[in-house]
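One structure is given here, and the rest of the page talks about it.
None of the values given here were measured: they were computed from a predicted structure. Below, each value reflects all heavy atoms present in this structure, side chains not excepted, and no hydrogens, waters or symmetry copies.
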There are 2 protein chains.
Amino acid sequence: MDKKVTIYDLAALLKVSPATVSRGLNNHPSISDSTKKRIHTIAKEQGYRTNKFAANLSKQKSNTIGVIVPRLDSYFMSTVLAGIEQVANKVGYNLIISQSLESEEKEKINARTLLNSGVDALLVSLANETKDYEHLKNYTSRKIPLLFFDRVFNLPNCPTILIDNRAAGYEATTHLISQGCSNLLHISGRLNRSVYKERFEGYKEALQAHNIPFDDTNLLETDLDSTKIKTTIEYIKNSNVKIDGLFISSDNYAANCIKELQKQGYQIPRDIKIIGFNNDPVSEIISPNLSTIEYPGHKMGVLAGESIIAHLNGTINLQSTNSILLRHQLLERESTQKTI
Amino acid sequence: MDKKVTIYDLAALLKVSPATVSRGLNNHPSISDSTKKRIHTIAKEQGYRTNKFAANLSKQKSNTIGVIVPRLDSYFMSTVLAGIEQVANKVGYNLIISQSLESEEKEKINARTLLNSGVDALLVSLANETKDYEHLKNYTSRKIPLLFFDRVFNLPNCPTILIDNRAAGYEATTHLISQGCSNLLHISGRLNRSVYKERFEGYKEALQAHNIPFDDTNLLETDLDSTKIKTTIEYIKNSNVKIDGLFISSDNYAANCIKELQKQGYQIPRDIKIIGFNNDPVSEIISPNLSTIEYPGHKMGVLAGESIIAHLNGTINLQSTNSILLRHQLLERESTQKTI
DNA sequence: ATTAGTTATGCAACCGATTGCGTAAAAAAA
DNA sequence: TTTTTTTACGCAATCGGTTGCATAACTAAT
């Protein structure tokens, strides 16, 4: 009972043409309600399911959205994906998800694969490594909508969704300063990614605004990979001046730093005050609770999904909206508390 | 310069038939090496990319694997997905991922959508709610391979990948007992999911093996949703006997319990020893470090991906392999340490 | 009754690659 | 040289919907 039923079968049963069946199934206005009803009824009865392959081929669209993220196994990304999936699913779009693992090479391959797979749109959060954007221009040149989120890049006609990282960096830094820190270190992700670059710039501006001199030792560029905590800790210990404030671009990394610093005898926040970024669950689990910047991942995903779908539906024109900024928020917790 | 190039275009350029071009592109043996070379050369030159819609239609397969998970924004799931993606991507399979959000209804819709989308195989981790499996029988009846991981169910011809949850539950419980606990409480997920059921049974067996009586108060069935910690804590506080050991089926939930218990004045592990499950990152961030059962998510994903792909390639026959058990491991950390 | 205007449907050409079957040409065997 | 085999390729049907254009049937207007 499970052979494939086609519109031809239905057409034969109803003694109408396949074209009529097709239109009926798609609620085309020029089909009478009565035959529409007959078509739908028999379709259900026969267990008809439209062959997407055929439909895709003739319509040249797939109802599928491609997503490329640096890694799937990051809490932040998984919340973004959950948001995207939720809205995509609701309106019947599928999501093809792939990860670049921070490799430009893999990102290129993924982009190509997704292009070949005929995705209707692409959502991208860039790999750390990526410096060249030709693989994405293939999309824009074919008029396939392309949207960046979080790890963005300014490509013509490609909207971006992110938070105001510069302002967030500024706020985080100012917060540290207002809590009494004067020898700050910013532990950043790769600066070729604008998210990190901008946080860093906010950091620098905040220092400047408070007349705190900045030099290269006040910045540590890392890839925020927890396996390399030791090096970071060494850097802090060997610093010429006694560092008393850390602004770390990732909660997860920050939490690991706290653990390790504590192991080395540091008291947080007494010796060093620390603020992270993202409001990852670990920030509330760690002792002391980690001050951080709330980064609304799920909301970002929802917005990214909604935007791209609205654009595909022609409801809005993304080209005109070039950049959507989400609201972030400073969360003051124990790790930056003043100690007497 | 970016109109679509088809095999017909190439055929015209080379003055051969489209069939030859198709075969040449696919390295069919009956095409001479010389023409193959010519075909590949001109294909590259013209920027030809095969139209997957057409290829899918005629081959009736999509090179796509569907995945349904309860939620995307869980650390464990994201590691599994990362594993699946890694192997799928390597061999050119796409992944369509959707989440059921623990709803049977959504799971059904997702299953149907993926079926319509023509996935070549389906990987499923069941929603808590799911009690009926008709939506999955659609796959088996069409000979579309179906594999369960983690939240499994025993469906004919559907292999499962998981750990030995009963043994893990037994070990976790035994560990608590050996650390001196005698009034245990198991905080479980929904028992209609076999993962939780089996952990619970391992727990019961361990109690029995150590002559510790079990009654219903020694079990708290929850949905392991962190927003409902309070209720759980109340349960512990209001217990008639003083609970001194907790076996919690989720690290994340366990970590939140620890925080809350500490807030209420409990000392961990002095007053209550706690063991979690999963070896989530939070387990090493929380103070005290959480003892737990290592659950190899990434490995599970890799294995699930490899299995299903090998089966699709005809390399192995999954029907014969009915169940793959991954090795778990008890990790003894601070939260179950003996106190003097 | 005739013309104009609707409405409901069918025809047939796509969409682009795949593949079973047939055959000309070239190589090998007789 | 003739026959048999092999090699290399082309023909044409197929996969299952979609859609522009034509048309028959019916209603409304003149």
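- For A:S22 (side chain) and A:P18 (main-chain N/O), no donor-acceptor pair under 3.5 Å exists by modelled atom type.
- Rounded to an integer number of Å, the gap from CG of B:N26 to C1' of C:dA17 is 9 Å.
- With DNA chain D read from its 5' end, the first of the two nearest nucleotides for B:P18 and B:L57 is the one closest to B:P18.
- Side-chain atoms of B:H298 and B:Q86 include a donor-acceptor pair closer than 3.5 Å.
- Spacing between atom CG of A:L14 and atom C1' of C:dA8 amounts to 15 Å, rounded to whole angstrom units.
- Of the candidates C:dC15, C:dC11, C:dT18, C:dC11 carries the atom nearest the A:R23 side chain, counting heavy atoms from C-beta on.
- Classification of B:R151 and B:E102 as a salt-bridged pair holds, one side-chain N sitting under 4.0 Å from a carboxylate O.
- Proximity of a side-chain donor or acceptor of A:H28 to a complementary backbone N or O of A:G24 within less than 3.5 Å is not detected.
- Side-chain contact between B:T50 and B:L25 is absent, with no heavy atoms from C-beta onward closer than 4.5 Å.
- Counting only distance, with no hydrogens or angles, the side chain of A:R38 and the backbone of A:L14 share a donor-acceptor pair below 3.5 Å.
- Scanning DNA chain D 5' to 3' for nucleotides with an atom closer than 4.0 angstrom to a non-hydrogen atom of chain B gives a first and last hit of D:dA8 to D:dG16.
- Consecutive Watson-Crick or G-U pairing (both distances under 3.5 Å) extending over three or more pairs maps onto DNA chain D as C:4-27 with D:4-27.
- Among the heavy atoms of the strands lying under 4.0 Å from B:S22 is at least one base atom, whether or not backbone atoms are also near.
- Residue A:N56 contributes atom CG, which lies 13 Å from atom C1' of C:dG16 at whole-angstrom precision.
- B:A55 comes within 4.0 angstrom of sugar-phosphate atoms only, judged by non-hydrogen atoms across all strands, and of no base.
- Listed by residue number, B:S30, B:I31, B:S32, B:T35 are the residues of residues 27-38 of chain B with a heavy-atom contact under 4.0 Å to DNA chain D.
- In terms of position along DNA chain D, the nucleotide closest to B:V21 lies nearer the 5' end than the nucleotide closest to the other residue of the pair B:V21 and B:A54.
- Counting only distance, with no hydrogens or angles, the side chain of A:E107 and the backbone of A:A127 share a donor-acceptor pair below 3.5 Å.
- Look at B:K108 and B:E105 and you find no salt bridge, because none of the NZ, NE, NH1 or NH2 atoms lies under 4.0 Å from a carboxylate O.
- Across C:dC15, C:dG16, C:dG10, the shortest atom-to-atom separation from the side chain of A:S58 is found for C:dC15.
- When only modelled atom types and interatomic distance are considered, B:N128 and B:R193 share no side-chain donor-acceptor pair under 3.5 Å.
- Between A:K4 and A:D9 there is no salt bridge, since none of the side-chain N atoms of the basic residue sits less than 4.0 Å from a carboxylate O of the acidic one.
- Within 4.0 Å of A:V16, counting heavy atoms only, lie sugar-phosphate atoms of the nucleic acid but no base atom.
- Spacing between atom CG of A:N51 and atom P of C:dC15 amounts to 18 Å, rounded to whole angstrom units.
- Note on B:Y8: a base of the nucleic acid sits closer than 4.0 angstrom, heavy atoms only.
- In this pair, B:F148 and B:F153 present their aromatic rings perpendicular. The plane angle is above 60°, beyond the 30 to 60° band.
- Among A:N56, A:N94, A:L57, the single residue meeting the side chain to side chain contact (heavy atoms under 4.5 Å, CB included) criterion with A:S62 is A:N56.
- One atom, NZ of B:K61, and another, C1' of C:dT18, lie 14 Å apart when rounded to the nearest Å.
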